[in-house]
Structures are given as C-alpha cells and as structure tokens.
Protein chains: 2
Amino acid sequence: MLRPTRQSNRDNSAALASKPIKTGPRVYEEIRRMAMDYRFKPNERINEVALAARLNVSRSPIREALQRLVTEELITFQTNRGFFCRGFDVDEVVNLSDVRAVLEERSVRLAIQRATHEELAALVDWWTLTMARADSFSSAELTARDEEFHIRIARLSGNPELVRMLEGINTRIHFVRKIEVEKHRRLSTTYTEHSEIAQAMVARDADRAARLMHDHIDISVADAMSTVREGLARIYIDVDQI
Amino acid sequence: MLRPTRQSNRDNSAALASKPIKTGPRVYEEIRRMAMDYRFKPNERINEVALAARLNVSRSPIREALQRLVTEELITFQTNRGFFCRGFDVDEVVNLSDVRAVLEERSVRLAIQRATHEELAALVDWWTLTMARADSFSSAELTARDEEFHIRIARLSGNPELVRMLEGINTRIHFVRKIEVEKHRRLSTTYTEHSEIAQAMVARDADRAARLMHDHIDISVADAMSTVREGLARIYIDVDQI
DNA sequence: TCAGTCCGAATTGTCGACAATAGAAACGGC
DNA sequence: GCCGTTTCTATTGTCGACAATTCGGACTGA
C-alpha cells in the first residue's frame with residue numbers, strides 16, 4: 001500500500017488546527033503555551049509521540065521545540081529519558097522575583113535617563129486607560145496588561161537585553177502572576193502602584209520610581225507560598241484538558 | 001547495495017572524535033563552543049549538512065542543538081532560511097555589561113548576607129593562589145578562572161537564577177572577555193580588583209564590595225569598541241580552521 | 001547596463017523507520 | 001511473601017528520504 005503523501009497530511013492537520021502558520025513555529029508556540037500554563041503537570045514526563053499525535057506532526061518538530069524550551073527553563077531534559085515539565089516550587093518563584101526586582105529597577109532608572117517626556121507621558125496615559133477598562137478584561141487579559149506595563153518600561157530603557165531577560169522571567173512566572181492578578185481582583189485591590197511608578201518616572205524622580213518598583217515586585221515568601229499553594233491546587237484540580 | 005548499519009556509523013564517529021560522550025550532548029557542546037569562539041563568522045549562514053558531515057552525525061541532532069543555541073542567543077534562526085551565527089557588535093557588549101553589572105552587584109550583596117566566613121575566606125584564598133600561578137596559565141585558562149571567580153560569588157548568593165543568568169551572559173561575552181584578558185596580560189595589569197572585591201566581602205562591607213564590583217565590570221564604550229575591533233580582526237584573520 | 005523573470009541547484013522542513021535504551025512486568029530462588 | 005533477574009514492551013536517539021522553499025545565475029527585453 002502506498003504511504004499517504006505529505007501534502008495530504010498537511011491538509012489534514014491544517015483542517016484540524018485551522019491555523020495557517022508554518023508548523024515549526026506553531027508547534028513551538030503551542031507547546032510553550034502549554035508549559036507556561038502548566039498544562040503538563042510539574043515534573044511530569046512528556047511523551048513525544050503522544051504530543052506529536054496531539055499536534056498532528058511528527059516527532060522532529062516536537063523535539064526541536066522542546067529543546068528550545070529547555071533553555072527557556074520551561075522544560076527539563078535528561079538524556080535517554082526524555083523531556084519533563086519543570087517543577088513548581090516556591091524557591092524558584094522567590095529567586096526569580098529577586099532577580100526581577102533588580103532588573104526592573106535598572107529598567108526604570110535607564111528609562112528615566114533615556115526616554116522622552118512624550119514616551120513617559122504615553123505610558124501614564126496608557127495605564128490610566130487600561131485601569132479604566134479593567135473591569136471588562138478577563139484575568140488573562142489583565143495579566144497580559146500587567147506584563148506589558150513592565151515590558152514597556154524595559155523597552156524605554158533602550159537596552160534590549162533587559163527586555164529579553166525580563167521576558168524570560170515573565171514566561172516563567174506567568175502562571176503565578178495570573179493567580180496574583182486574580183487575588184488582587186477578588187480583593188478589589190486596584191493597580192495604583194503602576195500609576196505611581198509611571199508618574200514618578202514622568203517626574204524624573206529616579207530614586208522614588210526605583211523604590212516603588214522594587215516594593216511593587218518584591219513579594220514576601222509567605223505570599224509566594226500561598227500563591228504557589230493555590231497554583232498547585234489549580235494544576236491538579238482542573239482536569240478540563242482533553 | 002545495503003546501506004551501512006547504524007552501528008558501523010557510530011564506531012566511525014567515535015573513532016574520529018575519540019569522545020565517549022553520547023552524541024546528542026556532545027554535538028551540542030561542540031557547536032556551542034564553536035559559536036562562543038566565533039568559529040562561525042558573524043551573521044554567517046550555517047549549513048546544516050556541512051556541519052552534520054563535519055561532526056559525523058545526521059542533521060537531526062544538529063538541528064536540535066542549534067535550536068537550543070537559538071534561545072541562548074548564540075545563534076539566530078529564520079524559518080525556511082535556516083540558522084545563522086549571531087552578529088558581533090559593540091552595542092550588544094555594552095548592553096550585556098550593563099545587565100551584568102547589576103546582577104553581579106546583587107550577587108555580591110546576597111553573598112555577603114548569606115555566605116559563611118569560611119566560604120568567603122576560601123574565595124580570597126583561591127584567588128590569591130590563582131594569581132600566584134597566573135603566569136603559568138594560558139589566556140584561555142586565565143579567562144576561565146576569571147569567569148569562575150564571578151560565578152563562585154553568584155553561587156554564594158544562594159540564588160541559582162542569578163548563577164544561570166550570569167552564565168548565560170558569560171557564554172555570550174566569552175569571546176570579548178578573552179581578548180580583554182590578553183590585553184591586561186600585555187599591559188601586565190594584575191587582577192588586584194578581584195582580590196579587593198573578595199576582601200571587602202570577607203569584611204562584610206557590602207557597599208564597598210558592590211561598588212568595586214560595579215567598577216570592575218563597567219566598561220567604557222570606548223574600551224568596548226577597541227576590544228570589539230580587535231575581535232573582528234581576529235575573527236576574520238585567523239583562518240586556521242579546517 | 002539594468003531590472004525583471006525564469007529555471008535549476010542547493011538547502012531546509014518534516015516524515016517514517018529502526019536501533020538503543022530505559023521501564024515494567026513476569027519469573028524464580030530464597 | 002519478598003528481592004534480584006530476566007524478558008518483554010514502551011520510549012527515545014538517530015538516520016536517510018523526499019517535498020517545499022529559497023537562492024543564484026542565466027536569460028530576456030528594454
């Protein structure tokens with residue numbers, strides 16, 4: 001019997017996924033998303049053939065994507081044993097927050113040095129607008145806005161490496177951050193901190209802005225523990241994944 | 001004609017490379033090293049089949065390794081066009097140094113907070129010993145010691161993420177750092193700065209240690225430019241690669 | 001001379017096949 | 001009944017093949 005041509009295969013997957021993106025990048029993005037959201041259980045072994053079947057591709061693009069995610073610390077790898085989901089523990093969250101605080105402080109200071117008044121004013125306006133619409137956003141959307149706020153500042157720093165590293169951290173703490181956002185929401189805590197930071201930046205008050213930023217990011221170990229605890233519950237309770 | 005069995009292939013490569021490591025990791029390490037040392041010319045397109053032939057493996061492990069190096073920023077990738085060597089420019093060096101300075105300051109401060117007296121004393125001793133033997137080291141070895149000094153401090157910080165990020169930066173600036181080491185050597189500049197830093201750490205003088213560290217890392221744009229210039233010359237003159 | 005177009009060669013993207021390895025299950029001795 | 005083997009099965013590591021795409025150069029018509 002003739003093996004099916006490749007083209008027909010392609011059409012199949014396209015019909016199912018309904019995404020016109022080249023499979024390579026698509027697969028990477030998809031797995032990345034799964035890892036970010038802990039769709040794999042912590043430390044769970046990832047079966048390549050199963051994943052390949054799920055995404056309608058062969059193992060090659062899967063493995064390439066996974067390897068890439070390994071250096072992003074979203075996935076773990078052991079020779080001859082395969083790929084595993086990263087763990088999920090408090091220490092990591094705390095350590096990343098510490099690094100993040102330092103990097104974001106630097107971002108703020110550089111941005112104050114280098115950004116124009118218009119750019120900083122635009123930041124304030126954008127966040128004000130975002131806050132006004134906050135209620136209409138889903139938690140996911142709000143989390144994205146939160147991340148964007150920080151990344152915008154990093155961009156204004158003029159140092160792409162700063163942006164890159166913070167983005168790396170963001171993808172790793174995305175899950176806990178989303179939980180934090182929802183916590184805030186439940187408590188009706190408003191995001192005034194972001195506004196204060198942005199305003200201090202417009203006023204070119206570097207020390208104040210840096211301090212605000214630091215306090216904003218710095219989380220107590222207790223808070224981190226409680227958030228991680230909720231995260232674990234969520235990971236192991238939500239079984240609504242096919 | 002029968003295609004050669006896989007086993008024979010393996011034996012072949014093993015005989016040539018004389019390394020008993022599993023090919024996957026080996027290939028990764030090898031390419032990584034090449035990228036670190038700019039054995040690929042900046043922005044040069046990397047031919048997968050050629051590289052595969054060179055390392056006596058098929059394209060699969062090559063591509064996996066390359067993908068991994070992409071997220072390490074040692075390699076660039078464009079869909080359907082393949083992999084490229086990263087560029088080599090001053091801005092990147094300057095930006096990385098800026099980030100590095102911040103992270104290393106944090107490392108120093110945390111290490112002073114958390115390391116024991118014995119650990120810090122050991123750091124001083126180790127560097128003193130290293131300095132005593134400095135003349136017997138090759139530039140490569142000396143560069144490795146330099147990197148190790150900083151990584152040791154990061155380890156003492158107790159924050160593995162700090163270590164990881166600094167290691168990432170180190171691999172990217174390895175090439176320029178080696179040139180700097182050689183410059184220092186030509187000028188007979190001794191590495192007293194490291195000793196001073198370590199001593200300040202033993203004395204638990206956080207501010208002084210942090211300031212010393214910052215000044216040690218912070219390079220002027222002019223210096224960076226001159227180093228990059230020399231690096232470029234070296235990349236394009238040394239043709240001693242098969 | 002130059003821009004555009006077309007063709008052929010080179011290169012990448014993905015696949016299925018199979019060997020090597022790890023993991024699990026059956027087995028047997030104690 | 002339990003622990004150490006042995007066998008069998010599931011999974012990973014690597015390969016060669018081939019389609020899809022890009023690249024470079026020849027050709028053409030101004």
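Naming: A, B, ... by sequence-line order, numbering from 1 per chain. Atom set for the values below is all heavy atoms of this structure, side chains included, hydrogens, waters and symmetry mates excluded.
Applying the ring pair (Phe, Tyr, Trp, His ring centres under 6.0 Å) test to pairs two or more places apart or on separate chains, those with a residue in residues 41-83 of chain A are A:F77-A:F83. Applying the salt bridge (Lys or Arg N to Asp or Glu O under 4.0 Å) test to pairs two or more places apart or on separate chains, those with a residue in residues 55-66 of chain A are A:E48-A:R59, A:E48-A:R63, A:R63-B:E64, A:E64-B:R63.
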Using nucleotides 9-12 of chain D, report all nitrogen or oxygen pairs with the protein that are shorter than 3.5 Å.
from, atom 1, to, atom 2, distance (Å)
D:dT11, OP1, A:N47, ND2, 3.1
D:dT12, OP1, A:I46, O, 3.3
D:dT12, OP2, A:E48, N, 3.4

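Between the CG atom of A:N56 and the C1' atom of C:dT14 there is a distance of 14 Å, rounded to whole Å. In this structure, B:I62 places its CD1 atom 15 Å from P of C:dT11, rounding to the nearest Å.
For A:F88, the ring-ring contact (aromatic ring centres under 6.0 Å, His included) test picks out A:Y38, A:F175, with sequence neighbours left out. Evaluation of the salt bridge (Lys or Arg N to Asp or Glu O under 4.0 Å) rule for A:E148 yields A:R152 as partners, not counting sequence neighbours. Residues satisfying the ring-ring contact (aromatic ring centres under 6.0 Å, His included) criterion with A:F84, sequence neighbours excluded, are absent altogether.
Remark: B:S58 is not in phosphate contact with D:dT14, judged by side-chain N or O atoms under 4.0 Å from OP1 or OP2.
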